[in-house]
Amino acid sequence: MTATFPKHIPAEGYIPPSRQQEPARKQYKYIGQNLKRVEDPRLLTGHGQYIDDIVLPGMAHAAVLRSDRAHARIKRIDTSKAKALAGVYLVLTGAEAKEMTGATAQFASPPVVQYCLAVDRVRHVGEAVAAVVAENRYIAEDACDLIEVEYQDLPVVVDPEAAMTSTGDAVLHPERGPNNIAQQRTFTFGPVKEDFAKAEVVVKRTLRWGRSGAQPLETVGCIASYEPGSGKFTMYTNSSFLNYVGWLVGASLGVSASKLNLIPVVTGGSFGSKIFTHKVMTLAGTLARAAGRPVKYLEDRLDNITSCDNHGSDRLYRCELALKRDGTMLSLRFQVIDDYGAYFQFGVGTHGNSLCQIVGPYRINSIQMELIAVLTNKCQQGAYRGFGSEVTNWMLERMADAAADELKMDPIELRRKNMIQPDQFPYVIPSGNVYDSGNYPSVLEEALRIADLPKWKKLRDEARAQGRCVGIGVATCQERSVFSATEFWSLNGTENPGFTLTSSPESTQLRIDPTGTIHVTLGSPFWGNSPETMATQIVAEQFQVDPAQVNIVYADTQSGFNSTGPGGSRFTVMIAGAIVGAAKQVKDKLLRVAGHMMEADAGDLEFRVGKIGVKGVPQKEKTIGEVALFAHYFRLNLPEGDAFASGLDANYVYDHPLTTMPAADRSHLGIFYPIMGHMCHLALVEVDPKTGKVAILDYVAVHDAGTVVNPMTLAGHIRGGTAQGIGTALYEKFHYDESGQLVTGTFADYLIPTLAEMPAAIRVGHVETPSPFTEYGIKGGGEGGRMGAPGALSRAIEDALSQYGVRCDELPLTPRKVRELVRAGEKR
Amino acid sequence: MALIPISLKVNGTRFERAVEPRRLLSDFLREDLALKATHVGCEHGVCGVCTVLVDGQAVRSCLSFAVQADGCEVRTADGLAQGGKLSALQQAFWEKHGLQCGFCTPGMLMLATELLERNARPTKAQIEEAISSNLCRCTGYYNIVESVQRAAELMQGGAK
């Protein structure tokens, strides 16, 4: 295989050599097994210890008064009645909190200033205005009702295009400029003009991706306590990024991050939305310090849905795809207006994420993106499964389908024709990111095989003959994994890039105790996935021990070390790297000690199941427990020197396996998200044109996440992610009316799919193309389902309603939206 | 606020307490009795994460007052494991990967308990009907349905 480069990127030395120590193998003992999850027994019995389960002595409870206005000046707040209520310890307004706590930290540069309690002005419905700390939550909420706020309404901006030309009081952050454009910039990667000049066909579409969000069933919470004198904070938190977030919270609280000990708890789902929970942590810390006692603040659902800082992407695309008449894709250019809401915590990081796989699985030679990020009176954007690249996947698939229609080609044929071929990897895309490995045609073929496409077509055609609207949709999409921190800032202006972080490591401490149990300490928390199961299987593989001999523990930030956290489908790859590194050191020592015990050369020893033995001498062996006991308690029976110091342990920091810096002029962004998975989703749907109801009759999802550690849990992600993709495509929307009210503020209005909305089955397949850059060739696979379903469903509905000539260019395709499309088609 | 005396059985233990009339059953169980298995997801009765059994019937504990459970027998997921062992239902959820983050799981377990007590051999459609009242954000529900099917098998004494 030879690497493939676009002409504008110098090939010489562009891709650093692989640091892989454990290449993929044909056979494993524990990797690839459907091990039952080691996390489950305590979750099944109510012993999970989620944030709401933690009780500290003397703990008080906070509640937050939130704005019912979308945009207003705060003229006056009277908290006297609230303060007089029995059982109230503290009432704090934004202006009072600002005396003790600074703005919340963020990655946008220049920043958009935000406080954990609004100061002088509210910018969206649900923004926190004041907080109460009381004996219990009931009293705290009673006290919130007694706070009087006088507002002066300001003009409300909800339309992203109108935000571009806002003036005067309609400008949310006047200190940043004269309108509500937060950032506007055009990025060109490769010879776009030349490629468009070569085009025989240019397909144009306007596409609208609606605003949805993760909405895990557990909200965000923090229990903070403060020790006067030492100035130390202790915080129990359900943040996923403990090691990053401490810096942010410390900066806001005005203390060094070293004064914060963050203790992880089991998290009831994140899907990205709990990566940074710094606003809640900053608020809890502020309240605990001011109240002089531990304070628990846990969002209720309304708090979370209106003000979680984690609404997903909200984009309007105007796209042009240049092709030859035979269907060969040449170039893609687009304008994207993205409605970030009232604040801008990650800047345009979600578009950096998009650019890592902006050509999809296709050989598109050049890309141009005009990005316009706008601010409106809505909850700000954050992370949601895909972090913006799921939107680009949908956009690309919509453009591929549009091209197929315009060229009168079969959509599957058009895709097949343009796919990067298995012998072209590593493949460098125009934005500079590398696709490490892949076999896209084989994923497509596997999906078609599982679906039995001829059978689907027969079903469709028979149904149509009966007058029913049945259709088939296909999506072939990328599933990037293992982000590098450069994506946080590489799209910021080069003159003012902000904090140019370049590390995103994951660490572990691996220790074998005298009983032979292997303890692995994770520097990242449980966020709803299977970190303990992943680590257990990899450790079991490394040492060839029964998984029951492995114990996983979580470090707090005071005892742990350099880790990043789960996000961007990075954890399994990264913890595998850390474990392989640590295990090597511990295994070397095990062999040294065992060699001494058995009077053999360490090089003549081998790991057997749970044991170490002399090669070729089956009866000469010791259990790992026997060697561990000796290593711990028999120092005088071993040689002198550090190599035999008592105990068996190692720390290892695993840095990102493949990342480089962006070009200074941003003609490319470097390698920043290279461990590239792939998927093919196929949907068979029936639409009732009279009601707009979409029924998914059959569904197939084939994913390539490299070497699979646990097929059962990966399939769980694929199905669960697809469920979220169905929600995004068909049901879920944070709908703001003209006055900026969130009219879908409960789960009765914001419609998460129930079992009744799911297809009868999601048939899952795995293809394994190992990465040459990661340990064992593992790739991430945590986000995939949601990154493929919207494209497949949009096409399937379009196909089902082909007699009406509809285009599914706006999500979500709610029954009402589908009816609109049908009605418009009937008029034509 | 005046307190109302209540007397009820929770997971087999009798409790006599005095509570505010507005105290939610979910808060009473979690905070007053320190039974943490019952979770709270939306507090407006939609998600069903807080489902418990009151006199054998599944109810949303976030929409029930503790005083309403006066004289009743309440069961929560805290009480499912007996003698230090997972129940057949819990075992089935473990085997079939019926949970990811685990937050909705106690509610699903109680829905399934109610169903299986009424109908030891439910059809797949009956299981789906029962489960469809609650939200799960992780699994897509399929493995939850399989878990309940498996639990029914285990409770019938079938090894397979």
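So that the names make sense, note that chain A is the first sequence line, chain B the second, and so on, each numbered from 1.
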Which value, rounded to the nearest 0.5 Å, describes the distance between C136(B) atom SG and L217(A) atom CG?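 Separation between the atoms: 7.0 Å.
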Who passes side chain to side chain contact (heavy atoms under 4.5 Å, CB included) against V67(B), sequence neighbours left out?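 Counting only residues at least two positions away or on another chain, V67(B) forms a side chain to side chain contact (heavy atoms under 4.5 Å, CB included) with I4(B), I6(B), V19(B), F65(B).
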By side chain to side chain contact (heavy atoms under 4.5 Å, CB included), which residues pair with A140(A), not counting sequence neighbours?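 Once residues adjacent in sequence are excluded, the partners of A140(A) under the side chain to side chain contact (heavy atoms under 4.5 Å, CB included) criterion are A63(A), V132(A), A134(A).
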Side chain from CB out, backbone as N, CA, C, O: work out which of these in [X] comes under 4.5 Å of a heavy atom of chain A, or both, or neither.
X       : result
L135(B) : both
V145(B) : side chain
L99(B)  : both
L35(B)  : neither

For the candidates [options], which exhibits the highest count of non-hydrogen atom pairs separated by less than 4.5 Å from chain B?
options                   : value
G727(A), G716(A), A723(A) : G716(A)
G269(A), A214(A), G785(A) : A214(A)
P216(A), A715(A), P759(A) : P759(A)

Can you pull out every salt bridge (charged side-chain N to carboxylate O under 4.0 Å, His left out) where at least one residue sits in residues 98-110 of chain B? Sequence neighbours excluded, please. none
Produce the donor-acceptor pair table for chain B versus chain A, cut-off under 3.5 Å.
{"unit_1": "R22(B)", "atom_1": "NH1", "unit_2": "D142(A)", "atom_2": "OD1", "d": "3.0"}
{"unit_1": "R22(B)", "atom_1": "NH1", "unit_2": "D142(A)", "atom_2": "OD2", "d": "3.2"}
{"unit_1": "R22(B)", "atom_1": "NH2", "unit_2": "D142(A)", "atom_2": "OD2", "d": "2.8"}
{"unit_1": "L24(B)", "atom_1": "N", "unit_2": "Y138(A)", "atom_2": "OH", "d": "2.9"}
{"unit_1": "D27(B)", "atom_1": "OD2", "unit_2": "Y138(A)", "atom_2": "OH", "d": "2.6"}
{"unit_1": "R30(B)", "atom_1": "NE", "unit_2": "D52(A)", "atom_2": "OD2", "d": "3.3"}
{"unit_1": "R30(B)", "atom_1": "NH1", "unit_2": "D53(A)", "atom_2": "OD1", "d": "3.2"}
{"unit_1": "R30(B)", "atom_1": "NH2", "unit_2": "D52(A)", "atom_2": "O", "d": "2.8"}
{"unit_1": "R30(B)", "atom_1": "NH2", "unit_2": "D52(A)", "atom_2": "OD2", "d": "3.1"}
{"unit_1": "R30(B)", "atom_1": "NH2", "unit_2": "D53(A)", "atom_2": "OD1", "d": "2.7"}
{"unit_1": "G41(B)", "atom_1": "O", "unit_2": "R301(A)", "atom_2": "NE", "d": "3.0"}
{"unit_1": "G41(B)", "atom_1": "O", "unit_2": "R301(A)", "atom_2": "NH2", "d": "2.9"}
{"unit_1": "H44(B)", "atom_1": "NE2", "unit_2": "F747(A)", "atom_2": "N", "d": "3.1"}
{"unit_1": "Q90(B)", "atom_1": "NE2", "unit_2": "L44(A)", "atom_2": "O", "d": "2.9"}
{"unit_1": "W94(B)", "atom_1": "NE1", "unit_2": "R37(A)", "atom_2": "O", "d": "2.7"}
{"unit_1": "Q100(B)", "atom_1": "O", "unit_2": "R37(A)", "atom_2": "NH1", "d": "3.4"}
{"unit_1": "Q100(B)", "atom_1": "O", "unit_2": "R37(A)", "atom_2": "NH2", "d": "2.5"}
{"unit_1": "Q100(B)", "atom_1": "NE2", "unit_2": "G716(A)", "atom_2": "O", "d": "3.1"}
{"unit_1": "C101(B)", "atom_1": "N", "unit_2": "G528(A)", "atom_2": "O", "d": "3.3"}
{"unit_1": "C101(B)", "atom_1": "O", "unit_2": "Y50(A)", "atom_2": "OH", "d": "2.7"}
{"unit_1": "G102(B)", "atom_1": "O", "unit_2": "Y50(A)", "atom_2": "OH", "d": "3.3"}
{"unit_1": "R137(B)", "atom_1": "O", "unit_2": "Q724(A)", "atom_2": "NE2", "d": "3.4"}
{"unit_1": "R137(B)", "atom_1": "NE", "unit_2": "A214(A)", "atom_2": "O", "d": "2.7"}
{"unit_1": "R137(B)", "atom_1": "NH1", "unit_2": "E732(A)", "atom_2": "OE2", "d": "2.7"}
{"unit_1": "R137(B)", "atom_1": "NH2", "unit_2": "G213(A)", "atom_2": "O", "d": "2.9"}
{"unit_1": "R137(B)", "atom_1": "NH2", "unit_2": "A214(A)", "atom_2": "O", "d": "3.1"}
{"unit_1": "R137(B)", "atom_1": "NH2", "unit_2": "Y384(A)", "atom_2": "OH", "d": "3.4"}
{"unit_1": "R137(B)", "atom_1": "NH2", "unit_2": "E732(A)", "atom_2": "OE1", "d": "2.7"}
{"unit_1": "R137(B)", "atom_1": "NH2", "unit_2": "E732(A)", "atom_2": "OE2", "d": "3.4"}
{"unit_1": "Y141(B)", "atom_1": "OH", "unit_2": "P753(A)", "atom_2": "O", "d": "2.7"}
{"unit_1": "Y142(B)", "atom_1": "OH", "unit_2": "P759(A)", "atom_2": "O", "d": "2.7"}

Which pair of heavy atoms, one from [X] and one from [Y], lies closest together, and at what distance?
X       : Y       : result
V59(B)  : S64(B)  : CG2-OG, 4.0 Å
G765(A) : I450(A) : CA-CD1, 3.9 Å
P294(A) : P57(A)  : CG-O, 3.8 Å

Greater than 12 external heavy atoms within 6.0 Å of R14(B)'s CZ: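 Yes - once you tally the heavy atoms of other residues, nucleotides and ligands closer than 6.0 Å, there are more than 12.
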What part of I762(A) gets within 4.5 angstrom of chain B, counting heavy atoms only: side chain, backbone, both, or neither? both
Checking A760(A) against chain B: side chain, backbone, both or neither under 4.5 Å from a heavy atom?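 Just the backbone, heavy atoms under 4.5 Å.
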Please report the C-alpha distance between F271(A) and C138(B) in whole Å, then the side-chain angles of each, then the deciding distance to 0.1 Å, and finally whether the side chain to side chain contact (heavy atoms under 4.5 Å, CB included) criterion is met. CA-CA 9 Å; F271(A) 318 107; C138(B) 296; 3.6 Å; yes
Derivation and outcome, side chain to side chain contact (heavy atoms under 4.5 Å, CB included), residues V64(A) and C144(A): CA-CA 7 Å; V64(A) 169; C144(A) 282; 5.7 Å; no
